[in-house]
Amino acid sequence: MNNILEIKGLAKNFKSFALHDVSFSLPRGYIMGFIGPNGSGKTTTLKMIMNLMRKDAGFIEVFGQDHVKFEREIKQRIGFVYDEPVYYEQLNLKQMTSLISPFYKKWNQSLYEDYIKRFNLNSTQKIKTLSKGMRTKYALSLALSHGAELLIMDEPTAGLDPVFRRELLDILMDVIQREENSILFSTHITSDLDRIADYITFINEGRIVLSEEKDRLYERYTLVKGGKDDLSEALKKELVGMSVTGLGFEGLSDHPIQGENLVIEKPSLEDIMFFHTKEQRHGD
Amino acid sequence: MKIVLSNDSKLTIWEQITEQIKDAIIKGELNPGDPLPSIRSLARDLRISVITTKRAYDELEAERYVDSIQGKGSFVAAQDNAMMREKRLKNIENKLSEALIEARIMGFKYEDLEKMLRILWEE
């Protein structure tokens with residue numbers, strides 16, 4: 001398979017947090033959602049791909065090339081939308097863009113101006129007066145205007161209203177109309193990804209919980225609900241996580257389940273994430 | 001071509017797509033040789049995963065409703081007349097069964113249903 005991004009055995013140690021053996025790959029032409037609770041290691045992983053943070057171990061290849069050795073070449077072909085982009089706050093958009101654009105060999109000024117217009121941004125507005133949503137839109141305009149084949153976005157929908165979140169999904173679908181383009185998109189708002197993502201990679205406490213086709217996930221996982229009495233010890237063993245209230249229980253299984261009196265439903269990504277992280281909290 | 005996806009459906013997204021395209025072919029709304037949208041543009045229009053769309057097309061191809069030609073796209077396949085007849089019969093049967101279920105819920109007798117059918121037929 002032709003992978004645009006390949007990560008193997010990535011590790012990083014901090015005082016209070018560590019990434020352990022992070023491995024996953026993204027084929028060309030598809031969208032991958034990178035999900036996990038806050039503080040699970042999403043941003044750290046993305047920063048290491050961009051070599052904004054050194055890795056302790058493992059290897060990362062982008063476009064089949066080592067991400068450190070070929071950093072300059074690779075970055076020409078990546079559009080990066082960062083959670084909190086750092087710009088010169090006293091400059092206006094036009095001035096800032098004129099500093100950034102010469103870096104890119106394939107910079108497309110008219111495409112950039114189209115996005116600025118489409119996102120209702122004002123070129124003469126100073127960076128420091130931009131709202132969080134406007135900053136994301138500005139970062140997107142830059143990321144989409146140099147012919148990037150790989151779009152890496154860290155929490156792009158945080159701080160955006162629902163209307164623009166939808167528009168963003170349309171923009172992403174436009175990007176992958178070209179079969180050689182891919183998108184890696186981290187978020188903790190999974191409803192944005194429920195439909196458009198082709199692959200899901202789920203990280204929790206610095207470890208990859210799963211990385212696979214989204215449709216396979218939906219086929220595999222089941223959400224089970226029932227009264228308190230229906231929650232037998234045998235059933236408990238089948239569940240990766242559960243939540244019990246006075247009225248009944250709800251649990252997640254990573255395989256199909258049948259049973260009398262049980263309500264079986266298809267889980268959402270949010271359910272899958274919730275019960276996987278819940279189990280760990282109960283595990284101690 | 002019209003495709004409407006429902007979040008409440010028991011069918012998966014790809015099944016909803018194949019069912020609706022098959023329906024359109026059986027009803028003659030789509031004819032042999034008609035081009036279908038490309039996988040990626042259909043995914044964009046429906047705002048769904050490319051893999052999901054691809055699965056739907058693969059399924060339609062496996063069941064010979066659709067031919068995919070490398071580099072040219074997907075087209076409604078020439079339908080075998082006998083097979084088409086079979087499919088249409090099946091379609092009528094399904095619709096009648098649906099009506100039967102409703103009628104039984106309403107407590108209709110066979111004669112009531114026959115009467116209704118005659119009225120509709122002569123309209």
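Keep in mind that what you see is a predicted model, and the values were worked out from it rather than measured. Order of the sequence lines sets the chain letters (A, B, ...), proteins ahead of strands, with each chain counted from 1.
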Peer 1: Under 4.5 Å from any heavy atom of chain A, what part of I39(B) do you find: side chain, backbone, both or neither?
Peer 2: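 Answer is neither: I39(B) stays 4.5 Å or more from chain A.
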Peer 1: Can you sort out the partners of D112(B) under salt bridge (charged side-chain N to carboxylate O under 4.0 Å, His left out), two or more places apart, ordered by chain and number?
Peer 2: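 Salt bridge (charged side-chain N to carboxylate O under 4.0 Å, His left out) list for D112(B), sorted by chain: empty.
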Peer 1: Which atoms of D215(A) come close to chain B, meaning under 4.5 Å heavy atom to heavy atom: side chain ones, backbone ones, both, or neither?
Peer 2: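 For D215(A), the contact with chain B is made by the side chain alone.
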Peer 1: In terms of heavy-atom pairs under 4.5 Å, which option from R55(B), K54(B), R47(B) contacts chain A the most?
Peer 2: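 Top count of heavy-atom pairs under 4.5 Å with chain A: R47(B).
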Peer 1: Would you check if the side chain of D198(A) reaches a backbone N or O of V50(B) as a donor-acceptor pair within less than 3.5 Å?
Peer 2: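 Yes; at least one donor-acceptor contact below 3.5 Å.
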Peer 1: What part of I176(A) lies closer than 4.5 angstrom to a heavy atom of chain B: side chain, backbone, both or neither?
Peer 2: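 Contact with chain B: backbone and side chain both.
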Peer 1: Would you say S97(B) and N94(B) are linked by a side-chain donor-acceptor pair, where the criterion is simply a distance under 3.5 Å?
Peer 2: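 Judged by distance alone, the side chains do not pair up.
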Peer 1: Got a salt bridge between K95(B) and E98(B), using NZ or NE/NH1/NH2 to carboxylate O under 4.0 Å?
Peer 2: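 Answer for the salt bridge query: no.
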Peer 1: Can R40(B) be said to sit on top of Y30(A)'s aromatic six-ring, NZ or CZ under 6.0 Å from centre and within 45° of the ring axis?
Peer 2: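 Yes, a cation-pi geometry holds between R40(B) and Y30(A).
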Peer 1: If you count heavy-atom pairs under 4.5 Å with chain B, which of E213(A), E179(A), R166(A), K266(A) comes out on top?
Peer 2: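 Maximum pair count with chain B is reached by E179(A).
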